[in-house]
Amino acid sequence: MAVAVRGGRGGGSALSVGIRNFFSYRIFVSAMFTLLFLATLSVLFSSHPPPLPAHSSSTGNAYMHRTFLALKSDPLKTRLDLIHRQANDHMALVNAYAAYARKLKLDISRQLKLFDDLAQNISDVALKPKYRTALIESDAPVDEDLLRQFEKEVKDKVKIARLMVGDAKESYDNQLKIQKLKDTIFAVNELLIKAKKSGAFASLIAAKSTPKSLHCLAMRLMGEQIANPEKFRDDAPKPEFEDPTLYHYALFSDNVIAVSVVVNSTVMNAVEKSKHVFHVVTDKMNVAAMKVWFKMQPVEGAHVEVKAVEEYTFLNSSYVPVLKQLESAKLQKFYFENRAENATKDVNNLKFKNPKYLSMLNHLRFYLPEMYPKLHRILFLDDDVVVQKDLTPLWRIDMEGKVNGAVETCFGSFHRYAQYLNFSHPLIRDKFSPKACAWAFGMNMFDLDAWRREKLTEEYHYWQNLNEDRTLWKSGTLPPGLMTFYSTTKSLDKSWHVLGLGYNPSISMDEINGAAVIHFNGNMKPWLDIAMNQFKSLWSKYVDNTMEFVQMCNFGL
């Protein structure tokens, strides 16, 4: 029993201690909050705010003054302060959107005026004398009816402000998105222009350089000639080369594979193969390779004459203006110096810096009557054409006394004389019409008798000598051709010659299939990797793939 009593007494003592501790803690916390509350009241009731100026309704001091008044006296003052603050906030928001609209320079002057008017209206509500005197600047108790009236006016203005800001926000967000999209498009367009220039420059280099496969073919053919000199000895000239009753073609090129395609395609589509004679002229570096090719791969029935341009001894600098100009230091500097500087210029003008335009092979077309004095007519073909039909009807066309039979290339305002010649020069302006239609070099039927009669080689020399400083035209052979054969060109039907397969992917296959000659003019030559795939087979099907050197040199056809 004694143990039980002691145990019970001990338990009661612990409970009473816990209760006493709990109540002591509650008393302590209550006392602390009471002291803090009394101290706060003491500070509030004993503090006196500084006197306010007359315009204190729009200042920070006025705001503090109203806050103290609300705490000290009238609870409606707090409500008044909230209303006033809400009005000021929306006025600032409206002003911010107005400033944003001005910054974007949007064509929304009416909306700007609405924003300005709304901001002014919100400000005017608070500045009305009855509200400013009785509610804002007065220390007297607030009139609740007047406060309700003030609150109603402010809320009406705030409602309008919210509607306008909501509508404007979507509009400005869209305008911002549009502006960002425009900036993105501009940046992408700049990159696109830069990429196009780089691509055009790379394409120009690829087009004007000798591809590895073509160089390999020339070297293989020359090696064959060196290894077997007896086998590839020159034959005596054939009488067919000067027979005016046959169909004669002129090809001037240093590209063996291209010349072979022109000859093969012409002969394969000819009705009377034995009546076709090809006069191939190349430079002394490639003449051996060209001769070996046609020795190893003779063309069925046709006659092929291969000569070097150096064999025409009358073509020297004392007679040919281009060769004379090539000897001038000024022209050599223009074409061969400052390459790094030229490379940074517009790619559209880089072609005018290409020294290949000075090659005599490009200008031989102006000396056809002297090169082939016994012929009456000759068909000039570029090395980047493919013949798809029998061309013998061209020799039966009535030239009507004209010298040059060619397909015109103008349509609308494009490919007129104004695009090729400098009509600011008085000699050009007085002699030619800027609206005259240009025509194409690449497949031209020349009446050599009419040429001699009109003395057009002298005409060509006249203009070429005047253009030594390149003031009449930039470069190339088409501008002097347009001038030399001005008013002496007969227009041929467009189906004879379709151009653009080296740069224009949108030529229709119907137009191509109906053409007698298709021309791969442009940078994307069919023997290059940059050729357009949809047209390449039109050329490659005439390549003699049975030739072992074509296979060894990996043309990738």
Side-chain angles (χ1 to χ4, degrees), residues 208 250-254 279 281-285 307-337 342 349 351-373 378 380 382-383 403-404 406 417 419-432 436 438-442 444 446-448 450-489:
K208 303 305 179 184
L251 286 88
F252 308 138
S253 173
D254 58 358
H279 301 273
V281 181
T282 186
D283 53 32
K284 60 182 178 181
M285 183 179 295
K307 299 182 74 172
V309 66
E310 288 77 13
E311 296 181 48
Y312 297 93
T313 55
F314 71 92
L315 297 173
N316 52 60
S317 60
S318 63
Y319 179 65
V320 179
V322 170
L323 295 177
K324 183 179 179 180
Q325 292 168 11
L326 183 58
E327 295 176 353
S328 69
K330 184 177 180 181
L331 195 65
Q332 290 180 14
K333 182 178 180 180
F334 175 77
Y335 276 97
F336 298 107
E337 293 185 9
N342 293 339
N349 292 325
K351 60 182 179 181
F352 299 131
K353 299 286 187 177
N354 190 348
K356 282 191 174 184
Y357 283 112
L358 296 175
S359 170
M360 195 58 217
L361 289 176
N362 283 318
H363 294 267
L364 283 180
R365 64 194 71 186
F366 295 104
Y367 299 96
L368 289 170
E370 295 159 286
M371 295 172 68
Y372 309 105
I378 195 167
F380 169 77
D382 266 343
D383 65 354
V403 177
N404 171 34
Y417 269 52
Q419 290 183 265
Y420 301 97
L421 304 178
N422 178 18
F423 275 87
S424 63
H425 197 288
L427 287 175
I428 300 295
R429 189 168 56 249
D430 295 342
K431 179 70 174 179
F432 306 100
W439 40 266
F441 261 142
N444 304 81
F446 289 112
D447 185 330
L448 300 182
W451 187 324
R452 298 181 187 104
R453 183 179 65 248
E454 298 290 338
K455 298 181 179 180
L456 292 187
T457 301
E458 289 84 346
E459 181 80 3
Y460 163 70
H461 285 175
Y462 170 75
W463 291 113
Q464 192 71 52
N465 282 321
L466 288 176
N467 196 50
E468 185 173 3
D469 56 358
R470 301 176 306 282
T471 56
L472 303 183
W473 70 89
K474 288 291 185 181
S475 188
T477 54
L478 181 57
L482 295 175
M483 301 167 77
T484 301
F485 302 108
Y486 185 67
S487 75
T488 62
T489 296

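- For the pair F252/H363, no side-chain contact is recorded, criterion being any heavy-atom separation below 4.5 Å from C-beta on.
- Here the closest heavy-atom approach between residue L361 and residue V309 is recorded as CD2-CB, 4.5 Å.
- Annotation: the span from T489 atom OG1 to L482 atom CG amounts to 8.0 Å, rounded to 0.5 Å.
- Scored by the side chain to side chain contact (heavy atoms under 4.5 Å, CB included) test, T457 finds Y319, Y367, E370, W451, H461 as partners (sequence neighbours excluded).
- The minimum heavy-atom distance between A406 and A440, with the atom names listed, is CB-O, 3.9 Å.
- Not one N or O on the side chain of T282 forms a donor-acceptor pair closer than 3.5 Å with the backbone of A308.
- Here M483 contributes atom CE and Y462 contributes atom OH; the two are 8.5 Å apart, rounded to the nearest 0.5 Å.
- With sequence neighbours excluded, the residues satisfying side chain to side chain contact (heavy atoms under 4.5 Å, CB included) with K431 are E459, W463.
- Partners of N444 according to the side chain to side chain donor-acceptor pair (under 3.5 Å) rule, which considers only residues two or more places apart in sequence or in another chain, are N404.
- Listed here is the closest heavy atom pair of T477 and R365: OG1-NH1, 3.5 Å.
- The minimum heavy-atom distance linking K284 with E310 is given by the pair N-OE1, 3.4 Å.
- I378 and A250 make their closest contact through CD1-CB, 3.7 Å (heavy atoms, listed as atom of the first residue, atom of the second, distance).
- Applying the side chain to side chain donor-acceptor pair (under 3.5 Å) test to R452 and every residue at least two apart in sequence or in another chain returns D449.
- Minimum interatomic distance between L323 and L315 (heavy atoms only, all atoms of both residues): CD1-O, 3.6 Å.
- One N or O on the side chain of N467 and one on the backbone of W473 form a donor-acceptor pair closer than 3.5 Å.
- Atom CG of L421 sits about 13.0 Å away from atom NZ of K474, to the nearest 0.5 Å.
- Of the inter-residue distances, the one linking D382 atom CG with F441 atom CZ reads 9.0 Å to the nearest 0.5 angstrom.
- Side-chain contact check for W439 versus L478: some heavy-atom pair is nearer than 4.5 Å.
- One finds the CZ atom of F366 at 5.0 Å from the OG1 atom of T484 (value rounded to the nearest 0.5 Å).
- Between F432 and Y417, the ring-plane angle classifies as tilted under the 30° and 60° cut-offs.
- Checked against side chain to side chain donor-acceptor pair (under 3.5 Å), S424 has the following partners two or more places apart in sequence or in another chain: N422.
- In terms of modelled atom types and a separation under 3.5 Å, the side chain of E468 and the main chain of N465 share no donor-acceptor contact.
- The side chain to side chain donor-acceptor pair (under 3.5 Å) search around Q464 returns Y460, not counting sequence neighbours.
- Of the inter-residue distances, the one linking L251 atom CG with L364 atom CG reads 11.5 Å to the nearest 0.5 angstrom.
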